Amino acid sequence: MNTRVRKKLIQVARGRAHLMSFQNLVLEAELGLNLENTYEKSQLNEVIDEISEAEHAAGRPLLSALVRVKGRQNQGDSFFKLCERLGYGDWKSLKRNQEFLEEQRQTCREFWQDSKNFSSFL
């Protein structure tokens, strides 16, 4: 698991902005990926999915809920397909349900803003 990306997403959960674009994540985590390149973009999705799968397995909220497509407030299909794999329901239904996404984001923020969780799981 890429701990640098995980720590950056935890910082986002604890910060004022609460969301980060894929492009800003690449820049701030110093990943050196070119998101115009399909292969490198898929690599980033794999890194983010791996982090959220590990968080889910440990009973923690999905950090990938905080990564959005630049210029939008919504996620790309890969987030909702991940949620389907993790048992949350049909990805297309989840994508249409704006409340689902906001609940995932809020749960993530609340969990990581709790100092006890932050110090225990960082």
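The basis for the numbers below is simple: all heavy atoms, side chains too, and nothing from hydrogens, waters or symmetry mates. Since this is a predicted model, take the numbers as computed values, not measurements.
Distance alone, capped at 3.5 Å, is enough to place a donor-acceptor pair between the Arg105 side chain and the Ala65 backbone. Remark: side-chain polar atoms of Glu40 are paired, donor with acceptor, to backbone N or O of Asn34 under 3.5 angstrom. At distances below 3.5 Å, at least one donor-acceptor pair connects side-chain atoms of Asn117 with backbone N or O atoms of Phe111. Judged purely by atom type and a 3.5 angstrom limit, Gln104 has no side-chain atom pairing as donor or acceptor with the backbone of Pro61. Under a 3.5 Å cut-off, the side chain of Ser52 and the backbone N or O of Ser64 do form a donor-acceptor pair. For the pair Arg4 (side chain) and Ala29 (backbone), a donor-acceptor distance under 3.5 Å is present.
How far CZ of Arg109 is from CG of Asp114: 16.0 Å, rounded to the nearest 0.5 Å. Between the CD atom of Glu46 and the CD atom of Gln43 there is a distance of 7.0 Å, given to the nearest 0.5 Å. With rounding to the nearest 0.5 angstrom, the CG atom of Leu101 is 14.5 Å from the CZ atom of Arg96. For the atom pair CD (Gln23) and CG (Leu33), the distance works out to 9.5 Å, reported to the nearest 0.5 Å. Going from atom CZ of Phe22 over to atom CG of Leu35 covers 8.5 Å, rounded to the nearest 0.5 Å. Note that the CD atom of Glu53 and the CG atom of Leu82 stand 5.5 Å from one another [nearest 0.5 Å].
Counting heavy atoms from C-beta on, the side chains of Ser93 and Phe100 never come closer than 4.5 Å. You'll find the side chain of Val67 stays beyond 4.5 Å of the side chain of Phe79, heavy atoms only.
Contact record, Asn45 with Ser78: OD1-OG, 3.5 Å, taken as the closest heavy-atom pair. Between Glu84 and Trp91 the shortest heavy-atom distance is OE2-N, 3.2 Å. Taking both residues in full, the closest heavy atoms of Leu25 and Leu31 are given as O-CD1, 4.3 Å, listed atom of the first, atom of the second, then distance. For the residue pair Ile51 and Asn2, the shortest heavy atom distance occurs at CD1-O, 3.7 Å. The heavy-atom pair separating Ala54 from Met1 by the smallest distance is CB-CE, 3.8 Å.
Under the rule for a side-chain hydrogen bond (donor to acceptor under 3.5 Å, both in side chains), the partners of Glu110 that lie at least two apart in sequence or sit in another chain are Gln106. In this structure, Arg14 has no side-chain hydrogen bond (donor to acceptor under 3.5 Å, both in side chains) partners at least two apart in sequence or on a different chain.
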Next on the checklist: side chain to side chain contact (heavy atoms under 4.5 Å, CB included) for Leu63 and Trp112? Distances and angles first, verdict last.
Outcome noted: CA-CA 10 Å; Leu63 284 165; Trp112 289 108; 3.6 Å; yes
Item to check | Evaluation steps, side chain to side chain contact (heavy atoms under 4.5 Å, CB included), between Ser21 and Asn24 | outcome: CA-CA 5 Å; Ser21 70; Asn24 285 345; 3.4 Å; yes
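Screening residues 36-68 for ring-ring contact (aromatic ring centres under 6.0 Å, His included) gives His56-Tyr88 as the qualifying pairs, with residues at least two apart or on separate chains.
Ion pairing between Asp49 and Arg85 holds under the 4.0 Å rule for side-chain N and carboxylate O. Electrostatic pairing of Glu36 and Lys41 does not count as a salt bridge here, judged by no charged N lying under 4.0 Å from a carboxylate O.
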